[in-house]
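Notes follow the structure.
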Amino acid sequence: MDMRFSPEELAFRDEVREFIANNYPHELKGARRGEMSKEDILKWHRVLYKKGWVVPHWPVEYGGTGWTITQRYIWNEENARAETTPLLPFGLSMVGPVIYTFGNEEQKKRFLPGILSGDDWWCQGYSEPGSGSDLASLRTKAVRDGDHYIVNGSKTWTTLAQHADWMFCLVRTDPDAKQQEGISFLLIDMKTPGITVRPIITMDGSHEVNEVFLEDVKVPAENLIGEENKGWTYAKFLLGNERSGIAGVARSKKAIERLKKIAGAELVDGTPLMKTGEFSRKVAEVEIDLSALEVTELRTLAAESKGRGPGPEASILKIKGTEIQQRITELAVEAVGNYALVEAPRLETTGNEFVPGPEGSQGTAQDYFNMRKTSIYGGSNEIQHNIIAKMVLGL
Ligand SMILES: Cc1cc2nc3c(=O)[nH]c(=O)nc-3n(C[C@H](O)[C@H](O)[C@H](O)COP(=O)(O)OP(=O)(O)OC[C@H]3O[C@@H](n4cnc5c(N)ncnc54)[C@H](O)[C@@H]3O)c2cc1C
(Lines give C-alpha, C1' and ligand atoms only; values in the text may rest on other atoms or scores of the structure.)
Protein backbone atom coordinates (compact mmCIF):
# COMPACT_ATOMS: atom_id res chain seq x y z
CA MET A 1 0.00 0.00 0.00
CA ASP A 2 1.49 3.37 -1.04
CA MET A 3 0.76 5.72 1.87
CA ARG A 4 2.07 8.92 0.21
CA PHE A 5 -0.28 11.53 -1.19
CA SER A 6 -0.18 12.45 -4.90
CA PRO A 7 0.19 16.16 -5.88
CA GLU A 8 -3.59 16.24 -6.57
CA GLU A 9 -4.31 14.83 -3.14
CA LEU A 10 -2.00 17.37 -1.53
CA ALA A 11 -3.85 20.14 -3.40
CA PHE A 12 -7.14 18.71 -2.14
CA ARG A 13 -5.76 18.67 1.41
CA ASP A 14 -4.82 22.36 1.10
CA GLU A 15 -8.28 23.20 -0.23
CA VAL A 16 -9.95 21.39 2.66
CA ARG A 17 -7.61 22.93 5.22
CA GLU A 18 -8.30 26.41 3.92
CA PHE A 19 -12.04 25.81 3.81
CA ILE A 20 -12.12 24.68 7.43
CA ALA A 21 -9.90 27.58 8.55
CA ASN A 22 -12.17 30.12 6.83
CA ASN A 23 -15.56 28.58 7.58
CA TYR A 24 -15.52 26.67 10.87
CA PRO A 25 -17.55 28.66 13.44
CA HIS A 26 -14.78 30.00 15.69
CA GLU A 27 -17.02 30.27 18.75
CA LEU A 28 -17.24 26.45 18.82
CA LYS A 29 -13.49 25.86 19.10
CA GLY A 30 -12.80 23.34 21.87
CA ALA A 31 -16.50 23.05 22.81
CA ARG A 32 -17.78 19.83 24.37
CA ARG A 33 -21.00 18.42 23.02
CA GLY A 34 -22.58 18.13 26.49
CA GLU A 35 -22.51 21.92 26.87
CA MET A 36 -23.68 22.85 23.36
CA SER A 37 -27.18 23.94 22.40
CA LYS A 38 -29.03 22.25 19.55
CA GLU A 39 -28.20 25.14 17.22
CA ASP A 40 -24.52 25.09 18.24
CA ILE A 41 -24.34 21.37 17.42
CA LEU A 42 -25.90 22.04 14.02
CA LYS A 43 -23.77 25.05 13.03
CA TRP A 44 -20.95 23.15 11.35
CA HIS A 45 -23.43 20.72 9.79
CA ARG A 46 -25.22 23.62 8.11
CA VAL A 47 -21.98 25.13 6.78
CA LEU A 48 -21.03 21.78 5.23
CA TYR A 49 -24.50 21.26 3.81
CA LYS A 50 -24.26 24.59 2.00
CA LYS A 51 -20.87 23.60 0.60
CA GLY A 52 -22.16 20.12 -0.43
CA TRP A 53 -19.72 18.31 1.87
CA VAL A 54 -22.03 17.00 4.56
CA VAL A 55 -22.12 13.33 3.46
CA PRO A 56 -18.87 12.44 1.66
CA HIS A 57 -19.62 8.75 2.28
CA TRP A 58 -23.03 8.70 0.51
CA PRO A 59 -23.52 7.78 -3.16
CA VAL A 60 -23.38 10.90 -5.35
CA GLU A 61 -26.99 10.45 -6.49
CA TYR A 62 -28.15 11.04 -2.91
CA GLY A 63 -25.83 13.95 -2.08
CA GLY A 64 -22.37 12.35 -1.69
CA THR A 65 -19.24 14.17 -2.87
CA GLY A 66 -17.83 11.37 -5.03
CA TRP A 67 -14.49 11.64 -3.22
CA THR A 68 -12.04 8.78 -3.32
CA ILE A 69 -11.23 6.83 -0.18
CA THR A 70 -8.02 8.87 0.17
CA GLN A 71 -9.93 12.13 -0.09
CA ARG A 72 -12.32 10.97 2.60
CA TYR A 73 -9.34 10.01 4.74
CA ILE A 74 -7.84 13.47 4.21
CA TRP A 75 -11.19 15.05 5.07
CA ASN A 76 -11.34 13.19 8.41
CA GLU A 77 -7.71 14.00 9.17
CA GLU A 78 -8.18 17.70 8.51
CA ASN A 79 -11.32 17.88 10.66
CA ALA A 80 -9.49 16.18 13.51
CA ARG A 81 -6.51 18.47 13.05
CA ALA A 82 -8.75 21.53 13.31
CA GLU A 83 -10.72 19.93 16.17
CA THR A 84 -14.08 20.58 14.52
CA THR A 85 -17.19 19.28 16.30
CA PRO A 86 -17.97 15.81 14.93
CA LEU A 87 -21.25 15.72 13.01
CA LEU A 88 -24.01 13.66 14.59
CA PRO A 89 -24.11 10.16 13.14
CA PHE A 90 -27.80 9.32 13.67
CA GLY A 91 -29.12 10.78 10.41
CA LEU A 92 -25.96 10.99 8.32
CA SER A 93 -24.33 7.63 9.04
CA MET A 94 -27.11 5.52 10.49
CA VAL A 95 -30.66 5.99 9.23
CA GLY A 96 -29.72 7.87 6.02
CA PRO A 97 -27.91 4.88 4.47
CA VAL A 98 -30.72 2.56 5.64
CA ILE A 99 -33.30 4.76 3.89
CA TYR A 100 -31.42 5.05 0.59
CA THR A 101 -30.57 1.33 0.63
CA PHE A 102 -33.85 -0.24 1.83
CA GLY A 103 -36.45 2.56 1.71
CA ASN A 104 -38.92 3.16 -1.12
CA GLU A 105 -38.81 6.19 -3.45
CA GLU A 106 -41.41 8.04 -1.42
CA GLN A 107 -39.38 7.61 1.78
CA LYS A 108 -36.18 8.72 0.09
CA LYS A 109 -37.88 11.88 -1.19
CA ARG A 110 -39.46 12.59 2.16
CA PHE A 111 -36.61 11.91 4.58
CA LEU A 112 -33.23 12.34 2.87
CA PRO A 113 -33.46 16.15 2.32
CA GLY A 114 -34.10 16.81 6.04
CA ILE A 115 -31.18 14.58 7.03
CA LEU A 116 -28.87 16.40 4.63
CA SER A 117 -29.90 19.91 5.66
CA GLY A 118 -29.93 19.08 9.37
CA ASP A 119 -33.55 20.27 9.63
CA ASP A 120 -34.56 16.82 10.88
CA TRP A 121 -32.71 15.64 13.97
CA TRP A 122 -32.75 11.86 14.41
CA CYS A 123 -32.25 9.60 17.40
CA GLN A 124 -31.75 5.86 17.65
CA GLY A 125 -34.45 3.79 19.36
CA TYR A 126 -32.77 0.39 19.61
CA SER A 127 -31.89 -0.38 23.27
CA GLU A 128 -34.48 -1.11 25.92
CA PRO A 129 -34.25 -1.90 29.61
CA GLY A 130 -33.13 -5.55 29.56
CA SER A 131 -32.44 -5.52 25.80
CA GLY A 132 -29.04 -3.97 25.12
CA SER A 133 -26.50 -6.63 24.24
CA ASP A 134 -29.33 -9.05 23.68
CA LEU A 135 -31.03 -6.56 21.36
CA ALA A 136 -33.17 -9.14 19.58
CA SER A 137 -35.10 -9.71 22.81
CA LEU A 138 -36.65 -6.21 22.53
CA ARG A 139 -40.25 -5.93 23.64
CA THR A 140 -41.56 -2.59 22.36
CA LYS A 141 -44.46 -3.77 20.26
CA ALA A 142 -46.19 -2.38 17.22
CA VAL A 143 -49.63 -3.69 16.33
CA ARG A 144 -51.07 -3.00 12.89
CA ASP A 145 -54.40 -1.16 13.01
CA GLY A 146 -55.61 -0.24 9.51
CA ASP A 147 -53.19 2.32 8.03
CA HIS A 148 -51.26 2.66 11.27
CA TYR A 149 -49.16 0.84 13.81
CA ILE A 150 -49.91 1.37 17.50
CA VAL A 151 -46.61 1.34 19.39
CA ASN A 152 -46.19 0.64 23.12
CA GLY A 153 -43.00 0.16 25.11
CA SER A 154 -39.87 2.02 26.14
CA LYS A 155 -36.37 2.72 24.86
CA THR A 156 -33.33 3.71 26.87
CA TRP A 157 -29.92 5.38 26.48
CA THR A 158 -31.41 7.30 23.55
CA THR A 159 -28.69 9.81 22.72
CA LEU A 160 -29.84 13.42 22.30
CA ALA A 161 -33.49 12.40 22.03
CA GLN A 162 -34.28 15.62 23.90
CA HIS A 163 -33.67 17.48 20.61
CA ALA A 164 -34.96 14.86 18.20
CA ASP A 165 -37.61 15.38 15.54
CA TRP A 166 -37.57 11.71 14.52
CA MET A 167 -36.58 8.36 15.96
CA PHE A 168 -35.71 5.25 13.98
CA CYS A 169 -37.05 2.48 16.09
CA LEU A 170 -36.91 -1.30 16.31
CA VAL A 171 -40.30 -2.74 17.24
CA ARG A 172 -41.72 -6.22 17.65
CA THR A 173 -44.40 -6.88 15.05
CA ASP A 174 -44.64 -10.67 15.39
CA PRO A 175 -44.44 -11.90 18.99
CA ASP A 176 -44.81 -15.54 17.88
CA ALA A 177 -41.91 -15.65 15.40
CA LYS A 178 -38.29 -16.48 16.32
CA GLN A 179 -36.80 -13.38 18.03
CA GLN A 180 -34.91 -11.96 15.04
CA GLU A 181 -37.74 -12.70 12.63
CA GLY A 182 -40.45 -10.68 14.41
CA ILE A 183 -38.79 -7.26 14.37
CA SER A 184 -39.57 -4.26 12.12
CA PHE A 185 -37.86 -0.91 11.49
CA LEU A 186 -40.20 2.07 11.99
CA LEU A 187 -39.64 5.81 11.62
CA ILE A 188 -41.47 7.67 14.38
CA ASP A 189 -42.22 11.39 14.52
CA MET A 190 -41.21 12.50 18.02
CA LYS A 191 -44.08 14.99 18.13
CA THR A 192 -46.66 12.17 18.02
CA PRO A 193 -48.89 12.10 21.12
CA GLY A 194 -47.89 9.39 23.63
CA ILE A 195 -44.10 9.96 23.53
CA THR A 196 -42.31 11.08 26.71
CA VAL A 197 -38.57 11.80 26.88
CA ARG A 198 -36.85 11.75 30.31
CA PRO A 199 -33.20 12.73 30.86
CA ILE A 200 -30.45 10.43 32.22
CA ILE A 201 -27.55 12.45 33.66
CA THR A 202 -24.24 10.61 33.21
CA MET A 203 -21.28 10.62 35.61
CA ASP A 204 -19.47 13.43 33.80
CA GLY A 205 -22.49 15.58 34.65
CA SER A 206 -23.81 15.91 31.11
CA HIS A 207 -27.23 15.28 29.63
CA GLU A 208 -26.63 13.28 26.47
CA VAL A 209 -28.82 10.23 27.01
CA ASN A 210 -32.50 9.70 27.76
CA GLU A 211 -35.31 7.28 28.39
CA VAL A 212 -38.12 7.35 25.83
CA PHE A 213 -41.57 6.04 26.70
CA LEU A 214 -44.12 5.17 24.01
CA GLU A 215 -47.77 4.84 24.96
CA ASP A 216 -50.31 4.07 22.24
CA VAL A 217 -48.22 5.99 19.71
CA LYS A 218 -49.95 6.02 16.32
CA VAL A 219 -47.41 5.64 13.49
CA PRO A 220 -48.48 5.69 9.81
CA ALA A 221 -47.77 2.32 8.17
CA GLU A 222 -45.99 4.18 5.34
CA ASN A 223 -43.18 4.86 7.88
CA LEU A 224 -42.20 1.18 7.86
CA ILE A 225 -38.81 0.64 6.19
CA GLY A 226 -38.66 -2.35 3.84
CA GLU A 227 -40.74 -5.33 4.79
CA GLU A 228 -42.56 -6.02 8.04
CA ASN A 229 -40.62 -8.48 10.25
CA LYS A 230 -37.40 -7.98 8.22
CA GLY A 231 -36.17 -5.15 10.45
CA TRP A 232 -33.29 -7.17 11.91
CA THR A 233 -31.55 -7.17 8.51
CA TYR A 234 -31.70 -3.36 8.29
CA ALA A 235 -30.77 -3.04 11.97
CA LYS A 236 -27.58 -5.09 11.45
CA PHE A 237 -26.65 -3.14 8.30
CA LEU A 238 -26.92 0.05 10.37
CA LEU A 239 -24.84 -1.35 13.24
CA GLY A 240 -22.00 -2.24 10.85
CA ASN A 241 -21.84 1.39 9.75
CA GLU A 242 -22.07 2.59 13.35
CA ARG A 243 -19.13 0.43 14.41
CA SER A 244 -16.77 1.43 11.61
CA GLY A 245 -17.47 5.12 12.32
CA ILE A 246 -16.61 4.62 15.98
CA ALA A 247 -12.84 3.96 15.42
CA GLY A 248 -12.04 7.70 15.56
CA VAL A 249 -8.43 7.31 14.40
CA ALA A 250 -7.84 10.89 13.27
CA ARG A 251 -9.25 12.36 16.46
CA SER A 252 -7.18 10.01 18.62
CA LYS A 253 -4.07 11.23 16.79
CA LYS A 254 -4.97 14.77 17.72
CA ALA A 255 -5.67 13.71 21.32
CA ILE A 256 -2.20 12.10 21.55
CA GLU A 257 -0.67 15.31 20.22
CA ARG A 258 -2.47 17.24 22.97
CA LEU A 259 -1.42 14.68 25.60
CA LYS A 260 2.23 15.02 24.56
CA LYS A 261 1.99 18.79 24.82
CA ILE A 262 0.57 18.61 28.34
CA ALA A 263 3.07 15.94 29.44
CA GLY A 264 5.85 18.05 27.93
CA ALA A 265 4.88 20.96 30.18
CA GLU A 266 4.43 18.92 33.39
CA LEU A 267 7.65 18.54 35.39
CA VAL A 268 8.70 15.59 37.56
CA ASP A 269 11.74 16.56 39.68
CA GLY A 270 12.59 19.17 37.04
CA THR A 271 12.26 16.78 34.08
CA PRO A 272 9.30 17.06 31.66
CA LEU A 273 7.02 14.08 32.27
CA MET A 274 7.17 13.27 28.56
CA LYS A 275 10.91 12.71 28.87
CA THR A 276 10.58 10.19 31.71
CA GLY A 277 11.03 6.66 30.36
CA GLU A 278 7.97 5.18 32.01
CA PHE A 279 5.45 7.74 30.75
CA SER A 280 6.91 8.08 27.25
CA ARG A 281 6.82 4.27 26.92
CA LYS A 282 3.10 4.27 27.72
CA VAL A 283 2.45 7.02 25.17
CA ALA A 284 4.54 5.17 22.56
CA GLU A 285 2.52 1.99 23.12
CA VAL A 286 -0.75 3.82 22.41
CA GLU A 287 0.77 5.48 19.35
CA ILE A 288 1.89 2.14 17.94
CA ASP A 289 -1.58 0.64 18.51
CA LEU A 290 -3.12 3.66 16.81
CA SER A 291 -0.85 3.32 13.75
CA ALA A 292 -1.81 -0.35 13.44
CA LEU A 293 -5.50 0.57 13.74
CA GLU A 294 -5.10 3.25 11.10
CA VAL A 295 -3.78 0.74 8.57
CA THR A 296 -6.61 -1.67 9.45
CA GLU A 297 -9.14 1.11 8.92
CA LEU A 298 -7.59 2.02 5.55
CA ARG A 299 -7.86 -1.63 4.49
CA THR A 300 -11.54 -1.64 5.49
CA LEU A 301 -12.15 1.59 3.58
CA ALA A 302 -10.38 0.19 0.52
CA ALA A 303 -12.61 -2.91 0.65
CA GLU A 304 -15.68 -0.68 1.02
CA SER A 305 -14.70 1.30 -2.06
CA LYS A 306 -14.84 -1.99 -4.00
CA GLY A 307 -18.41 -2.53 -2.81
CA ARG A 308 -17.65 -4.82 0.11
CA GLY A 309 -19.55 -3.23 3.00
CA PRO A 310 -18.23 -3.29 6.54
CA GLY A 311 -18.64 -6.86 7.77
CA PRO A 312 -17.73 -8.36 11.15
CA GLU A 313 -14.29 -6.74 10.77
CA ALA A 314 -15.95 -3.49 11.86
CA SER A 315 -15.94 -5.03 15.35
CA ILE A 316 -12.14 -4.94 15.37
CA LEU A 317 -12.18 -1.21 14.59
CA LYS A 318 -14.71 -0.64 17.34
CA ILE A 319 -12.76 -2.51 20.01
CA LYS A 320 -9.32 -1.13 19.24
CA GLY A 321 -10.55 2.40 18.51
CA THR A 322 -12.43 2.72 21.79
CA GLU A 323 -9.68 1.09 23.86
CA ILE A 324 -7.27 3.66 22.47
CA GLN A 325 -9.63 6.57 23.12
CA GLN A 326 -10.01 5.45 26.73
CA ARG A 327 -6.30 4.85 27.20
CA ILE A 328 -5.47 8.38 26.04
CA THR A 329 -7.85 9.91 28.61
CA GLU A 330 -6.36 7.66 31.32
CA LEU A 331 -2.85 8.89 30.47
CA ALA A 332 -4.07 12.49 30.44
CA VAL A 333 -5.44 12.08 33.99
CA GLU A 334 -2.15 10.46 35.03
CA ALA A 335 -0.23 13.37 33.50
CA VAL A 336 -2.07 16.24 35.18
CA GLY A 337 -3.09 14.65 38.50
CA ASN A 338 -5.39 16.88 40.57
CA TYR A 339 -5.69 19.45 37.79
CA ALA A 340 -7.79 16.89 35.90
CA LEU A 341 -10.67 17.92 38.15
CA VAL A 342 -10.67 21.51 36.90
CA GLU A 343 -13.70 21.82 34.65
CA ALA A 344 -13.35 22.94 31.06
CA PRO A 345 -14.28 26.60 30.56
CA ARG A 346 -17.84 26.90 29.29
CA LEU A 347 -18.58 28.22 25.84
CA GLU A 348 -19.87 31.55 27.11
CA THR A 349 -16.81 32.42 29.28
CA THR A 350 -14.95 35.64 28.46
CA GLY A 351 -11.44 34.21 28.48
CA ASN A 352 -10.46 36.46 31.42
CA GLU A 353 -11.16 33.87 34.15
CA PHE A 354 -8.24 32.24 35.97
CA VAL A 355 -8.06 28.52 35.19
CA PRO A 356 -5.46 26.50 37.10
CA GLY A 357 -3.40 23.68 35.58
CA PRO A 358 -1.37 23.19 32.40
CA GLU A 359 -2.77 24.69 29.21
CA GLY A 360 -5.33 22.38 27.61
CA SER A 361 -5.69 20.16 30.68
CA GLN A 362 -9.02 21.54 31.90
CA GLY A 363 -11.87 19.07 31.57
CA THR A 364 -9.50 16.07 31.57
CA ALA A 365 -11.55 14.22 34.21
CA GLN A 366 -14.79 15.06 32.36
CA ASP A 367 -13.29 13.53 29.21
CA TYR A 368 -12.08 10.52 31.15
CA PHE A 369 -15.54 9.86 32.59
CA ASN A 370 -17.30 10.60 29.32
CA MET A 371 -15.09 8.18 27.38
CA ARG A 372 -16.11 5.23 29.60
CA LYS A 373 -19.19 5.05 27.39
CA THR A 374 -17.27 4.15 24.27
CA SER A 375 -16.70 0.51 25.22
CA ILE A 376 -20.44 0.16 25.93
CA TYR A 377 -22.30 1.95 23.13
CA GLY A 378 -22.55 0.69 19.56
CA GLY A 379 -22.62 -2.82 21.07
CA SER A 380 -20.32 -3.43 24.07
CA ASN A 381 -16.73 -4.51 23.45
CA GLU A 382 -17.38 -7.91 25.03
CA ILE A 383 -20.09 -8.50 22.44
CA GLN A 384 -17.69 -7.38 19.68
CA HIS A 385 -15.21 -10.01 20.92
CA ASN A 386 -17.96 -12.61 20.63
CA ILE A 387 -18.71 -11.48 17.04
CA ILE A 388 -15.04 -11.74 16.07
CA ALA A 389 -14.76 -15.18 17.67
CA LYS A 390 -17.80 -16.44 15.77
CA MET A 391 -17.82 -14.60 12.44
CA VAL A 392 -14.13 -13.87 11.80
CA LEU A 393 -12.32 -16.72 13.54
CA GLY A 394 -15.10 -19.29 13.12
CA LEU A 395 -14.77 -20.49 16.73
C1 LIG B 1 -23.48 6.89 26.31
C2 LIG B 1 -24.35 5.87 25.67
C3 LIG B 1 -25.11 6.21 24.58
C4 LIG B 1 -25.98 5.30 24.00
N5 LIG B 1 -26.77 5.70 22.97
C6 LIG B 1 -27.71 4.85 22.49
C7 LIG B 1 -28.65 5.29 21.52
O8 LIG B 1 -28.64 6.44 21.10
N9 LIG B 1 -29.60 4.41 21.11
C10 LIG B 1 -29.65 3.13 21.54
O11 LIG B 1 -30.51 2.39 21.10
N12 LIG B 1 -28.77 2.67 22.46
C13 LIG B 1 -27.80 3.51 22.96
N14 LIG B 1 -26.91 3.08 23.91
C15 LIG B 1 -27.10 1.73 24.47
C16 LIG B 1 -26.00 0.76 24.17
O17 LIG B 1 -26.08 0.29 22.86
C18 LIG B 1 -26.12 -0.37 25.21
O19 LIG B 1 -25.80 0.20 26.46
C20 LIG B 1 -25.21 -1.53 24.92
O21 LIG B 1 -25.66 -2.24 23.81
C22 LIG B 1 -25.11 -2.48 26.14
O23 LIG B 1 -26.38 -2.89 26.58
P24 LIG B 1 -26.82 -2.74 28.10
O25 LIG B 1 -26.47 -1.39 28.57
O26 LIG B 1 -28.22 -3.21 28.20
O27 LIG B 1 -25.84 -3.76 28.91
P28 LIG B 1 -26.04 -5.33 29.07
O29 LIG B 1 -26.40 -5.93 27.77
O30 LIG B 1 -26.93 -5.58 30.22
O31 LIG B 1 -24.56 -5.78 29.42
C32 LIG B 1 -24.00 -5.62 30.73
C33 LIG B 1 -22.57 -6.16 30.70
O34 LIG B 1 -22.58 -7.56 30.38
C35 LIG B 1 -21.76 -7.83 29.24
N36 LIG B 1 -22.42 -8.89 28.42
C37 LIG B 1 -23.71 -8.96 28.07
N38 LIG B 1 -23.93 -10.04 27.29
C39 LIG B 1 -22.74 -10.67 27.13
C40 LIG B 1 -22.31 -11.83 26.43
N41 LIG B 1 -23.15 -12.58 25.70
N42 LIG B 1 -21.00 -12.16 26.48
C43 LIG B 1 -20.10 -11.39 27.20
N44 LIG B 1 -20.46 -10.29 27.89
C45 LIG B 1 -21.75 -9.93 27.87
C46 LIG B 1 -21.72 -6.53 28.49
O47 LIG B 1 -20.57 -6.42 27.69
C48 LIG B 1 -21.69 -5.50 29.62
O49 LIG B 1 -20.40 -5.36 30.09
C50 LIG B 1 -26.03 3.97 24.49
C51 LIG B 1 -25.22 3.60 25.58
C52 LIG B 1 -24.40 4.53 26.17
C53 LIG B 1 -23.56 4.12 27.35
Side-chain angles (χ1 to χ4, degrees), residues 32-34 41 86-96 98 121-140 151 153-172 179-180 183-188 190 195 197-214 231-232 234-246 248 312 314-315 318-319 321-323 325-326 329 366-391 393 395:
R32 284 170 167 71
R33 188 168 304 143
I41 296 175
L87 301 186
L88 290 177
F90 305 105
L92 303 176
S93 299
M94 295 188 187
V95 76
V98 167
W121 181 299
W122 287 81
C123 66
Q124 179 185 26
Y126 272 31
S127 307
E128 296 180 7
S131 302
S133 302
D134 184 15
L135 185 59
S137 70
L138 62 93
R139 282 169 300 171
T140 292
V151 182
S154 67
K155 296 286 169 181
T156 192
W157 305 120
T158 325
T159 301
L160 298 173
Q162 70 267 36
H163 300 314
D165 303 296
W166 286 88
M167 171 164 67
F168 53 92
C169 195
L170 294 182
V171 290
R172 185 156 302 284
Q179 275 190 347
Q180 278 89 341
I183 292 172
S184 299
F185 195 107
L186 268 190
L187 310 180
I188 302 182
M190 292 294 278
I195 300 181
V197 178
R198 284 204 205 129
I200 301 175
I201 305 300
T202 44
M203 63 182 173
D204 64 337
S206 63
H207 173 199
E208 270 190 327
V209 285
N210 302 274
E211 293 175 288
V212 178
F213 298 92
L214 302 118
W232 192 246
Y234 321 135
K236 279 195 307 186
F237 168 87
L238 182 147
L239 284 175
N241 288 332
E242 180 180 1
R243 278 165 204 155
S244 51
I246 269 172
S315 297
K318 203 264 161 167
I319 295 173
T322 54
E323 282 177 356
Q325 288 161 25
Q326 292 186 339
T329 61
Q366 278 165 284
D367 288 344
Y368 168 85
F369 285 126
N370 192 272
M371 281 291 134
R372 299 302 98 194
K373 70 187 177 190
T374 62
S375 48
I376 304 171
Y377 66 24
S380 78
N381 284 15
E382 289 79 14
I383 295 300
Q384 304 312 314
H385 279 111
N386 288 349
I387 293 173
I388 294 168
K390 238 182 161 162
M391 313 289 286
L393 303 175
L395 297 174

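Note that ligands are numbered from 1 as they come in the structure, with each ligand's atoms numbered from 1 the same way.
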Within a distance under 4.0 Å of any heavy atom of [X], pick out the atoms of ligand 1 and give their elements.
X	value
Lys373	1 (C)
Val209	1 (C), 2 (C), 3 (C)
Tyr126	11 (O)
Glu382	43 (C), 44 (N), 46 (C), 47 (O), 49 (O)

Open item on the list: Using the side-chain contact (heavy atoms from CB on, under 4.5 Å) criterion, which residues pair with Ala161? Sequence neighbours excluded.
Closed with: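 With neighbours one apart ignored, the set is Cys123, Thr158, Met190, Val197, Asn210, Val212.
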Geometric N/O contact [X] with ligand 1, under 3.5 angstrom:
X	value
Tyr377	no
Thr159	yes
Asn386	yes

Open item on the list: Set out, in order, the CA-CA distance, both residues' side-chain angles and the distance that settles side-chain contact (heavy atoms from CB on, under 4.5 Å) for Trp122 and Met94, then state yes or no.
Closed with: CA-CA 9 Å; Trp122 287 81; Met94 295 188 187; over 6 Å; no
Minimum non-hydrogen distance to [atom], winning option of [options]:
atom	options	value
atom 20 (C) of ligand 1	Ile376, Thr374, Thr158	Ile376
atom 39 (C) of ligand 1	Asn210, Ile383, Ile200	Ile383
atom 9 (N) of ligand 1	Gln124, His385, Met94	Gln124
atom 27 (O) of ligand 1	Ser127, Ser133, Ser380, Ser137	Ser133

TODO: Identify the protein heavy atom lying closest to atom 25 (O) of ligand 1, giving its residue, its atom name and the separation to 0.1 Å.
DONE: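 For this ligand atom, the closest protein heavy atom is Trp157 NE1, 3.8 Å.
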- [ ] Would you mind checking which non-hydrogen protein atom is closest to atom 24 (P) of ligand 1, with the distance to 0.1 Å?
- [x]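 Ranked first by proximity to atom 24 (P) of ligand 1 is Gly132 CA, 3.9 Å.
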TODO: For ligand 1, indicate whether the residue Thr202 contacts it via side chain, backbone, both or neither (heavy-atom separation under 4.0 Å).
DONE: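 Looking at Thr202 and ligand 1, no heavy atom falls under 4.0 Å.
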Would you say [atom] makes contact with the protein, given that contact here means a non-hydrogen protein atom less than 4.0 Å away?
atom	result
atom 33 (C) of ligand 1	no
atom 30 (O) of ligand 1	no
atom 15 (C) of ligand 1	yes

- [ ] Give the minimum heavy-atom separation between Ser127 and Trp157, together with the two atoms involved.
- [x]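 Here Ser127 and Trp157 meet closest at CB-CD1, 4.4 Å.
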Task: Closest contact, heavy atoms only, Ser206 versus Asn370 - done: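 Residues Ser206 and Asn370, closest heavy atoms: OG-ND2, 4.1 Å.
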When you compare the side chain of [Y] with that of [X], does any pair of heavy atoms fall below 4.5 Å?
X	Y	value
Leu238	Gln124	yes
Trp166	Ile188	no
Lys390	Leu395	no

Open item on the list: So, taking the atom named CZ in Phe90 and the one named CE in Met167, what distance separates them when rounded to the nearest 0.5 Å?
Closed with: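 Interatomic distance, Phe90 CZ to Met167 CE, rounded to 0.5 Å: 12.5 Å.
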Open item on the list: Can you tell me which residue among Leu138, Thr140, Leu239, Thr156 is in a side chain to side chain contact (heavy atoms under 4.5 Å, CB included) with Tyr126?
Closed with: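 Output: one option passes, namely Leu239.
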Open item on the list: Taking the cut-offs as 6.0 angstrom to the six-membered ring centre and 45 degrees off its axis, would you call Arg372 and Phe369 a cation-pi pair?
Closed with: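 The answer is no, since Arg372 fails at least one limit relative to Phe369.
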TODO: Identify which one of Gln384, Gln326, Glu323 satisfies the side chain to side chain donor-acceptor pair (under 3.5 Å) criterion when paired with Ser375.
DONE: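 Exactly one option meets the side chain to side chain donor-acceptor pair (under 3.5 Å) with Ser375, and it is Gln326.
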